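These figures come from a predicted structure and were not determined experimentally. Atoms within a ligand are numbered from 1 in the order they appear, just like the ligands themselves. In this chain, residues are counted from 1 in sequence order.
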Amino acid sequence: MLDDSRLKVVVVGGGTAGWMTAAALAKLLPSRADVHLVESEAIGIVGVGEATLPQIRGLNEKLGIDEADFMAATRATFKLGIEFCDWARSGDRYIHPFGTFGSGRGEVDFHQYWNRVRLEADSVPPIGEYSMAITMAYMNRFAHPDPKATGLESTFSYAYQFDATLYAPYLRRVAEQLGATRTEGRIVDIELDGESGNVLAVLLESGERITGDLFVDCSGFVSLIIGRALGEPFEDWSQWLPCDRAVATPCSTRTALTPYTSAIAMPAGWRWRIPLQHRTGNGYVYASAFTSDDQARSDLLEVIEGEPIAEPRVLKFKAGRRKRSWVRNCIAIGLSSGFLEPLESTSIYLIQAAITGLVELFPEREIAPVDRDEFNRVIDREYDWIRDFLILHYYATERSGGPFWDYVQNMRVPDSLLEKIELFRRRGRVMKRRQGVFLDASWVAVFTGQRVLPQSYDPRAGLPPVSELIQKMAEFQTGIREMAEGMPDHRMHIERYCPMAEAA
Ligand SMILES: Cc1cc2nc3c(=O)[nH]c(=O)nc-3n(C[C@H](O)[C@H](O)[C@H](O)COP(=O)(O)OP(=O)(O)OC[C@H]3O[C@@H](n4cnc5c(N)ncnc54)[C@H](O)[C@@H]3O)c2cc1C
């Protein structure tokens, strides 16, 4: 029988992870959790993380957040996918879209037909020409999808690009309205129970002692509880994801307000360009083994398309994750649990996945080891899946002439990724996953974009005559172009729907 006593949950840290967790627990488990958050304004938050995945909309909906209000407050734009420039070869360009290729319906995946035409006809347009999201993205158009419709308007999804420094304060308002409380102050020590090893309290510089039943470590890279106090080991993945720094600087917007994030290859990594309503976010993610901070800073400043509006800031990190995210009565969420570089905007998604796991497995007064193990298994699966997906971008490249790119294309990658590549190379098959992030279309986009092309196709795609496929594909292409042309310009849509609040 469910033990219905309330637990005091202490959330340590008030960045995106902390306030997302506080808001979600206060909203979704009001009868089970009293939520108290501790944060230090002097330490501050990491303050980057501007690009998201469509799953964030699900959480916002659950929290009862009004989209237009949220977008205005965080100066957000819409995001239909991520554009990769110069990744497989210099001059290459493709988008990983939020949506399907083709109609997304039917027994056989669209890419299998495309693949057959590629192998058997004289030429075939890039697969991106058959994606509604990509077509809209390159035309700078946006309209909301209609998931209930059966036509093209249901074949794409979207996420947001927003000002990360405004997101946590926005969530704080939501969480506090839902009853979460907060203490400001620097934590200087963690008190553990001598017998069980459980966390008993956090001790503040002011002398205050905050006790709790459950502690959620959202303290960022310092990993105050799970790392420092509980000593949970960190699994280092930098042999596969060697980028360990980023230099970030926002600039004025001179380019079009694109409804997509760009990730452009650089000598020792890549750079992001994220257009927001009031500025463009830029950052060069690089491997310190292959370039210096000074070189990275000057390489970034040379290529950004606008006037810098803040001093470039260097951030240091390491790819990997804590061996376990839930240890004793502490659950690590956000950067304290791990970090995979921002190439596919996955950190906020991982925060959300951990929150979902915590809500679903929220403990009774006694924590059942089986619940904790299940949580850790779910989080491991998410990290491993994303890790392989990210490595693919680097490993499947034909770029040459630079030590960084030579390293990544020759490194020994996890067997789990080699298997996925082999499976796709043979007949275009994507390893199946029913839910979570990066389902079939994501892998198809990145495989084909990185020039990993199948040698054959699903036998069922061999049934229709090739001429019929070519004709149907051409009709589809015309259909999505016409529909995109009828949509509003991205900037105009934002100006009407969610113009930014002057003082957010
Ligand atoms: C270069 C870079 C680019 C990124 N881009 C993206 C992106 O595009 N998309 C995406 O989803 N994610 C991105 N991320 C990740 C994203 O920024 C984080 O996942 C997100 O901001 C959550 O951070 P956090 O809340 O875990 O940590 P933080 O923001 O660091 O918050 C930590 C909190 O803990 C508090 N704290 C720490 N120590 C103490 C103490 N001793 N006492 C009291 N309080 C304390 C701090 O004050 C703060 O409130 C990026 C990260 C980096 C480094």
Side-chain angles (χ1 to χ4, degrees), residues 10-22 37-56 59 79 82 159-169 171-172 182-190 202-206 208 210 216-229 243-249 261-263 269-274 276 281-286 296 300 312-319 321 325 332-355 386 437:
V10 178
V11 177
V12 169
T16 299
W19 283 113
M20 275 175 86
T21 306
L37 185 143
V38 187
E39 66 175 321
S40 158
E41 274 162 22
I43 295 173
I45 64 171
V46 72
V48 280
E50 300 178 325
T52 62
L53 295 176
Q55 285 83 352
I56 194 174
L59 181 76
K79 175 181 173 189
I82 306 177
Y160 312 107
Q161 307 171 127
F162 55 58
D163 186 331
T165 61
L166 302 175
Y167 186 47
L171 289 172
R172 177 181 163 187
R182 164 185 186 267
T183 298
E184 203 286 317
R186 182 190 288 260
I187 295 166
V188 288
D189 207 358
I190 311 293
V202 294
L203 307 176
L204 270 60
E205 208 167 33
S206 62
E208 196 176 343
I210 298 177
V216 187
D217 184 351
C218 298
S219 61
F221 286 128
V222 294
S223 207
L224 271 186
I225 307 183
I226 198 140
R228 284 201 187 161
C243 289
D244 58 356
R245 289 196 190 176
V247 53
T249 190
T261 294
S262 297
W270 60 279
R271 73 179 165 102
W272 75 75
R273 184 181 61 216
I274 304 179
L276 309 181
N282 304 282
Y284 178 7
V285 176
Y286 57 97
L300 178 67
R313 185 159 76 101
V314 174
L315 297 116
K316 297 181 182 171
F317 51 82
K318 196 188 273 178
R321 60 143 195 252
S325 291
I333 298 186
L335 298 173
S336 64
S337 86
F339 183 57
L340 297 172
E341 58 154 279
L343 184 59
E344 286 277 358
S345 327
T346 42
S347 283
I348 293 175
Y349 167 78
L350 281 167
I351 294 171
Q352 216 182 313
I355 292 172
I386 293 171
V437 77

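Using a 4.0 Å heavy-atom cutoff, Cys218 is listed among the residues neighbouring ligand 1. Look at Tyr349 and you'll find every heavy atom at least 4.0 Å from all atoms of ligand 1. The shortest heavy-atom distance from Ala42 to ligand 1 is not under 4.0 Å.
What sits closest to atom 29 (O) of ligand 1 on the protein, heavy atoms only, is Val46 N, 2.9 Å. The protein non-hydrogen atom at the shortest distance from atom 27 (O) of ligand 1 is Gly220 CA, 3.5 Å. Regarding atom 4 (C) of ligand 1, its nearest protein heavy-atom neighbour is Pro342 CB, 3.6 Å. The nearest heavy-atom contact from the protein to atom 12 (N) of ligand 1 is Ser347 CB, 3.2 Å. Counting protein heavy atoms only, atom 41 (N) of ligand 1 is closest to Ile187 O, 3.1 Å. Of all protein heavy atoms, the one closest to atom 14 (N) of ligand 1 is Gly49 CA, 3.8 Å. Looking at atom 35 (C) of ligand 1, its nearest protein heavy atom turns out to be Gly13 CA, 3.7 Å. Scanning all protein heavy atoms for the shortest distance to atom 44 (N) of ligand 1 gives Ser40 N, 3.3 Å.
Contact check for Ile45 versus Trp19: no side-chain heavy atoms found under the 4.5 Å cut-off. Counting only heavy atoms from C-beta outward, the side chains of Ile190 and Arg228 never approach each other to under 4.5 Å. Side-chain atoms of Lys79 and Tyr160, non-hydrogen and from C-beta on, never get closer than 4.5 Å to each other. Counting heavy atoms from C-beta outward, Val216 and Val12 have side chains that stay 4.5 Å or more apart.
Across the listed options Thr16, Val48, Val12, Ile43, Val48 owns the non-hydrogen atom lying nearest to atom 16 (C) of ligand 1.
At a heavy-atom cutoff of 4.0 Å, ligand 1 is contacted by no atom of Glu41, backbone or side chain. Contacts between Ala246 and ligand 1, counted as non-hydrogen atom pairs separated by less than 4.0 Å, involve the side chain only. Contacts between Leu224 and ligand 1, counted as non-hydrogen atom pairs separated by less than 4.0 Å, involve the side chain only. Contacts with ligand 1 closer than 4.0 Å are made by side-chain heavy atoms of Ile351 only, the backbone lying farther away. When non-hydrogen atoms are compared, ligand 1 lies under 4.0 Å from neither the backbone nor the side chain of Ala164. Residue contacts with ligand 1 for Trp272 involve side-chain atoms from C-beta outward but no N, CA, C or O (heavy atoms, distance under 4.0 Å).
Remark: side-chain polar atoms of Ser219 are not paired, donor with acceptor, to backbone N or O of Val222 under 3.5 angstrom. Between the side chain of Ser336 and the backbone N or O of Ala332 there is no donor-acceptor pair closer than 3.5 Å. With Asp189 contributing its side chain and Leu203 its backbone, the two residues share no donor-acceptor pair below 3.5 Å. Checked by atom type and distance alone, the side chain of Asp244 never pairs as donor or acceptor with a backbone atom of Lys318 at under 3.5 Å. In this structure a side-chain-to-backbone donor-acceptor pair under 3.5 Å is missing from Asn282 to Arg273. Distance alone, capped at 3.5 Å, places no donor-acceptor pair between the Glu205 side chain and the Ile187 backbone.
Atoms of ligand 1 found under 4.0 Å from any heavy atom of Glu50 (numbered from 1 in listed order, with element): 7 (C), 8 (O). Ligand 1 places these atoms under 4.0 Å from at least one heavy atom of Ile45: 29 (O), 48 (C), 49 (O). Distances below 4.0 Å separate heavy atoms of Gly334 from the following atoms of ligand 1: 26 (O). The atoms of ligand 1 that sit less than 4.0 Å from any heavy atom of Gly44 are 46 (C), 47 (O), 48 (C), 49 (O). The distance from ligand 1 to the heavy atoms of Ala51 drops below 4.0 Å at these ligand atoms: 7 (C), 8 (O), 9 (N), 10 (C), 11 (O). With ligand atoms numbered from 1 in the order given, ligand 1 contributes 42 (N), 43 (C) to contacts under 4.0 Å with heavy atoms of Gly185. In the vicinity of Ala17, heavy-atom distances shorter than 4.0 Å reach the ligand 1 atoms 22 (C), 24 (P), 25 (O), 26 (O). Here is the list of ligand 1 atoms found below 4.0 Å of a heavy atom in Ile348: 10 (C), 11 (O).
Contact detail for Cys243 and Gly269: the closest heavy-atom pair is SG-CA, 4.1 Å. When all heavy atoms are compared, the tightest approach of Leu340 to Ser347 is O-OG, 4.2 Å.
At least one N or O atom of Gly14 sits closer than 3.5 Å to an N or O atom of ligand 1. Any N or O atom pair closer than 3.5 Å counts here, and Leu335 shares at least one such pair with ligand 1.
Salt-bridge annotation for Glu41 and Arg182: present, with a side-chain N of the basic residue lying under 4.0 Å from a carboxylate O of the acidic one.
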Would you check, one step at a time, whether the test side-chain contact (heavy atoms from CB on, under 4.5 Å) holds for Thr183 with Leu37?
CA-CA 6 Å; Thr183 298; Leu37 185 143; over 6 Å; no
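No side-chain donor-acceptor contact under 3.5 Å links Gln161 and Trp272. A donor atom on one side chain and an acceptor atom on the other are not found under 3.5 Å apart for Ser40 and Arg186.
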